[in-house]
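What follows is a single structure, written as structure tokens, with notes after it.
Just so you know, ligand 1 is whichever comes first in the structure, and atom 1 is the first atom listed for that ligand.
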Amino acid sequence: MNRNEEQARVVREAERFAVAELGRDRTGHDGYHVRRVAKMAERLAAEEGADAFVCAVAAWLHDVADEKLNESKDSGMRKVADWLSGQPIADGERAHILEIIATMSYNGGANPPMRTPEGRVVQDADRLDAVGAIAIARTFVYAGWKGDMMHDPDLPPRERMTPEEYRRGRSTAINHFHEKLLKLKDLMNTKTARRIAEERHAYMERYLERFMQEWEGLD
Ligand code: ADP
Ligand code: NI
């Protein structure tokens with residue numbers, strides 16, 4: 001097998017592993033979420049000149065380590081590291097993939113900027129799935145899973161919160177737009193993602209306007 005074939009095989013294996021791990025997760029991180037992120041990461045990598053292999057593997061694996069789906073972030077990272085160590089990947093690439101996965105989460109906006117072009121690409125690809133029509137659907141599914149209401153006018157969006165409050169505090173689906181989704185457009189790392197986010201963002205704003213209009217019993 002030449003290097004390209006070997007890399008293509010690792011990407012396919014990463015896909016199988018991620019889909020088996022995430023399956024029918026209901027927190028917005030199902031197999032189809034990672035599939036969309038991997039496709040978008042490939043597209044952004046090509047446009048931004050980032051390493052397509054590192055981006056693809058990191059994208060497929062990025063939610064396997066999610067703290068919501070594991071006992072702890074450490075045990076999730078260990079699961080990914082163990083899997084990677086069984087694959088024919090150079091040490092530097094393996095460390096790079098792990099670094100991306102460990103640092104890319106939104107985390108209530110508390111994490112520092114990504115260090116490498118590949119990290120910026122994968123983070124943008126993940127964030128783009130939280131902006132637009134699919135993002136709207138994911139947010140309502142997540143709120144239902146968490147036991148939050150879709151909207152509660154007596155519970156205003158939180159302006160500042162610790163990562164712990166962001167994750168566990170009581171909120172609503174509509175608040176989540178203000179607490180996270182509407183902020184993402186300005187946080188994109190790459191030009192391509194920023195352009196895609198602009199249009200998806202405008203669509204979410206139109207959606208929220210209509211939601212409030214109907215909430216008040218208007219047309
Ligand atoms: P990350 O892994 O980047 O920190 P999250 O796991 O917090 O992102 O969120 C993934 C997606 O799940 C969000 O983009 C959003 O659509 C949905 N989501 C996360 N937290 C909430 C929440 N508190 N209320 C509603 N939807 C949420
Ligand atoms: Ni994700």
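D124 and T190 are linked by a side-chain donor-acceptor pair at a separation below 3.5 angstrom, with hydrogens and angles left out of the test.
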Verdict with reasoning, D63 to H33, per side chain to side chain contact (heavy atoms under 4.5 Å, CB included):
CA-CA 9 Å; D63 273 334; H33 161 66; 3.0 Å; yes
Pairs under 3.5 angstrom, nitrogen or oxygen on both sides, ligand 1 versus protein: list them out, please.
{"residue": "ligand 1", "atom": "3 (O)", "partner": "Y106", "partner atom": "N", "Å": "3.3"}
{"residue": "ligand 1", "atom": "4 (O)", "partner": "S105", "partner atom": "OG", "Å": "3.1"}
{"residue": "ligand 1", "atom": "4 (O)", "partner": "Y106", "partner atom": "N", "Å": "3.3"}
{"residue": "ligand 1", "atom": "6 (O)", "partner": "H29", "partner atom": "NE2", "Å": "3.1"}
{"residue": "ligand 1", "atom": "6 (O)", "partner": "K68", "partner atom": "NZ", "Å": "2.7"}
{"residue": "ligand 1", "atom": "7 (O)", "partner": "Y166", "partner atom": "OH", "Å": "3.0"}
{"residue": "ligand 1", "atom": "7 (O)", "partner": "R167", "partner atom": "NH1", "Å": "3.0"}
{"residue": "ligand 1", "atom": "8 (O)", "partner": "K180", "partner atom": "NZ", "Å": "3.0"}
{"residue": "ligand 1", "atom": "9 (O)", "partner": "K180", "partner atom": "NZ", "Å": "3.3"}
{"residue": "ligand 1", "atom": "14 (O)", "partner": "K180", "partner atom": "NZ", "Å": "3.4"}
{"residue": "ligand 1", "atom": "16 (O)", "partner": "T139", "partner atom": "OG1", "Å": "2.9"}
{"residue": "ligand 1", "atom": "18 (N)", "partner": "H176", "partner atom": "NE2", "Å": "3.4"}

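The hydrophobic cluster around Y142 extends to W145, counting ILVMFWY residues whose side-chain heavy atoms fall within less than 4.5 Å of a member.
Heavy-atom minimum distance, C55 versus A45: SG-CB, 4.0 Å. The shortest heavy-atom contact between A41 and A125 is N-CB, 3.6 Å.
The side chain to side chain donor-acceptor pair (under 3.5 Å) test applied to R78 returns no partner, not counting sequence neighbours.
In this structure, D51 contributes its side chain and F53 its backbone to a donor-acceptor pair below 3.5 Å.
Side-chain atoms of L84 and L61, non-hydrogen and from C-beta on, do get closer than 4.5 Å to each other.
Between F140 and Y207, the two ring planes are perpendicular [angle over 60°; tilted spans 30° to 60°].
Protein N/O/S atoms nearer than 2.8 Å to the Ni ion (ligand 2) total 4.
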